[in-house]
Structure formats: C-alpha cells, structure tokens
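One structure is given here, and the rest of the page talks about it.
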Amino acid sequence: MTLLHIDNLRVGPGRSAPIVEELTLTVERGETVGLVGESGCGKSLTALSIMGLLPENLRVRQGRILLEGQEIQSLPQRKLRHLRGEKMGMIFQEPLTALNPVMTVGSQITEVLRTHRGLSANAARARALELLTLVKIPDAEARLNDYPHQMSGGMRQRVVIAIALACSPSLLIADEPTTALDVTVQAQILRLLKQLQQEENLGLLFITHDLGVVRQVADRIVVMYAGSVVEEGRVDAVLDAPRHPYTAGLIAARPQGSFAAGAPRLADIAGSVPAPEARPDGCVFRARCPRAQSRCEAERPALVRAPTGRATRCHFPLTEGVPA
C-alpha cells in the first residue's frame, strides 16, 4: 500500500487564487522523495497541508491527502493530533524557532512520549535518552538537561529529528533540514537521515532547494513551480536529462567549474515566481521560458505521465526518449 498519496491538492485563502493547485504526489514506504523548487513554489505549504498545520487564513480547498489509505485532511483535530505523533513526524527548517526556548530538550522529547504513548516520567526519560543516542548526540544523558540555546545548530537539528522520530512514525517530512548548517554538519545530518530512514523503513519527503542534496538522498524527485508539479521521475534520470525547461534552468543555475576571471558566468532564470493572483493563463512558466511559443500562452499544459512514472508538464519538452 502506498504510504502517502496526495491527489489534485488545492490550497489557498478562501475564494482567492490558490497557492498550491493540481498537486499530485506519492511516497512509498522506505522511499525518499525530494520536493524541489524556488522559494514561493509551495513546497513548505504542501508539508503543512499534510500535517494539518496550515495558518488560519489558509485551507485545503480541493483534493485528498491519504496516509496509508486513510483520508486525513478532513479529520477532527483530536484525531489529527494523534496521527501527527503516531504516524507522521516533521523536521522543521529552523530548529531554534521550532524548539521551545524555556524547556529543556529532554522535557520536549518526553512531552511527546507521555502525550502519545502514555509513558511514565521515568520510562519517557529513558526513551528520550535512547532517541538522543540514536541521533548521535554525544554525552546524551547530560544533554537531556540542556536548553536549545546551549546547543549548536547541528545538535538542535538532531533534537528536532529525535522528537519527530519519538513515536516511530511511518512518514517523515523534512523541510529544508540542513539549510542553516555548515557543509560539514549538513553532511552528518544527511547521513543520519539516510541511515534512520533505511533502518526504520520510513517514507521520507525531503523538501529542499539544493539539487546536490537531492541527488545524495532521494530515490525520486518532484519539481514544483508556482504551486504545481512540472516534472517528476527517478532522481538520476531527471537531473541527468531534464525535460522541463524550468528543471533545466535550476540545474544550470548551480555553480559549476572555475570562478577565475574569464570563466563562464553563472546562469540564472530570468524573472521570478509569479504571485498566485498574478499567474498568467496558459503555461505559468512561459514568461521565463526560452522555449515558449503561442500555444504556451493559449493552453495550460497537462502533466503527462509515462508508464515508467516519468512525468512532465510542458508542450515542448527538451528531449524525447530520455531514460526513465
């Protein structure tokens, strides 16, 4: 059974223009799916929709979110709170703001365990110690009594991971978990996540803007633009031979080669992601696309999915017959 299935999701404020629209994706148990795109494409909003943590002014206006076959977006808050701990966990982007500054990290982990598992204080503390050891925090017993500000960024991120894993969820959502970390700590966190995902057979939805990170950790990649999926497929197939011009632009914008004088300039994608209310008719990427033609202005492309799972939303894809 598919672990997570999102079908034609539309999220927005009331009757105004939707921020996320026509979003469909799946995550299988034991699989890592990388969700990528520029800021403003709807990646984090997708994660908050799954977790039922949307701001008060936003709501799921259409579509279904199924976790292990159960539709969850319309569940009462009491049942949804239970699912957040038992079945799905989330690693937030900035651990210093995700953690409570006036509670020790041990108290924050045991709170989850006592709420969802009904453990005694001693049993919850013992499990918290196991979790800190699992995420490779040195001198874990002493660290239980630390406050978040007493820990480094990498240690705080490990604490957030421990909280997300406390009740052994089936689905783990990681929202840019390494953005604020230096490259050495980033590599450690990525290795840790991959190890835990394999050991626990988790489904992992990994949200990032870093294509290099996606290639390291993901099995499949889903590329979002202006609230919709524009390309999807096996990670190596997509990154080695992109079909959508937006995906190709993201890859070309990564630093490559020498920074010496006279070296080629860093490529960029002209313009910016349009606001929801300013999205044009037809293809929403056409104003920034070097391949745009009159059809792109008149007709919105459908997401065409091949039997292999490779999918592209483009009238004039870059290549044909690319390996899936």
Under a 4.5 Å cut-off applied to non-hydrogen side-chain atoms, are V112 and C167 in contact?
yes
Do V105 and I137 touch side chain to side chain, with heavy atoms closer than 4.5 Å?
no
Cut-off 3.5 Å, side chains only: do T2 and E28 have a donor facing an acceptor?
yes
Over all atoms of both residues, closest heavy-atom pair of V27 and L204
CG1-N, 4.0 Å
Is the number of heavy atoms from other residues, nucleotides or ligands under 6.0 Å of D240 CG greater than 12?
yes
Result of checking K136, Q157, R158 against Q188 for side-chain hydrogen bond (donor to acceptor under 3.5 Å, both in side chains)
R158
More than 12 heavy atoms from other groups under 6.0 Å of CG on N57
yes
Hey, are S228 and R279 close enough side-chain-wise for a donor-acceptor pair under 3.5 Å?
no
Trace of the ring pair (Phe, Tyr, Trp, His ring centres under 6.0 Å) decision for F285 with H244:
CA-CA 10 Å; F285 186 61; H244 198 283; 5.8 Å; yes
Any side-chain heavy atom of L9 within less than 4.5 Å of one from L25?
no
Do K87 and L171 come within less than 4.5 Å of each other through their side chains, counting heavy atoms only?
no
Could you tell me whether the side chain of R288 and the main chain of A270 form a donor-acceptor pair under 3.5 Å?
yes
Could you tell me the separation between the CZ atom of F206 and the CG atom of D175, rounded to the nearest 0.5 Å?
9.5 Å
Could you pull out the closest heavy-atom pair between P177 and L193, with the gap in Å?
CG-CD1, 4.2 Å
So does R243 pair up with E231, basic N to acidic O under 4.0 Å?
no
Report yes or no: do S170 and E68 form a side-chain donor-acceptor pair below 3.5 Å?
yes
Intermediate values then yes/no, side chain to side chain contact (heavy atoms under 4.5 Å, CB included), I6 and T46:
CA-CA 10 Å; I6 300 176; T46 298; 4.2 Å; yes
Closest heavy-atom pair and its distance - F92, V160
N-CG1, 3.9 Å
Would T247 and L318 satisfy side chain to side chain contact (heavy atoms under 4.5 Å, CB included), going step by step from the backbone distance to the final call?
CA-CA 10 Å; T247 310; L318 286 166; over 6 Å; no
Testing the basics here: between I72 and I50, what is the closest heavy-atom pair and its distance to 0.1 Å?
CD1-O, 3.6 Å
Please name the pair of heavy atoms, one in M224 and one in C41, separated by the smallest distance, quoted to 0.1 Å.
CE-O, 3.3 Å
Stepwise side chain to side chain contact (heavy atoms under 4.5 Å, CB included) test for Q73 and R64
CA-CA 7 Å; Q73 81 275 9; R64 299 188 304 161; 4.2 Å; yes
Search all heavy atoms of R300 against all heavy atoms of V284 and return the closest pair with its distance.
NH1-CG1, 3.6 Å
R125 side chain vs T110 backbone, donor-acceptor pair below 3.5 Å:
no
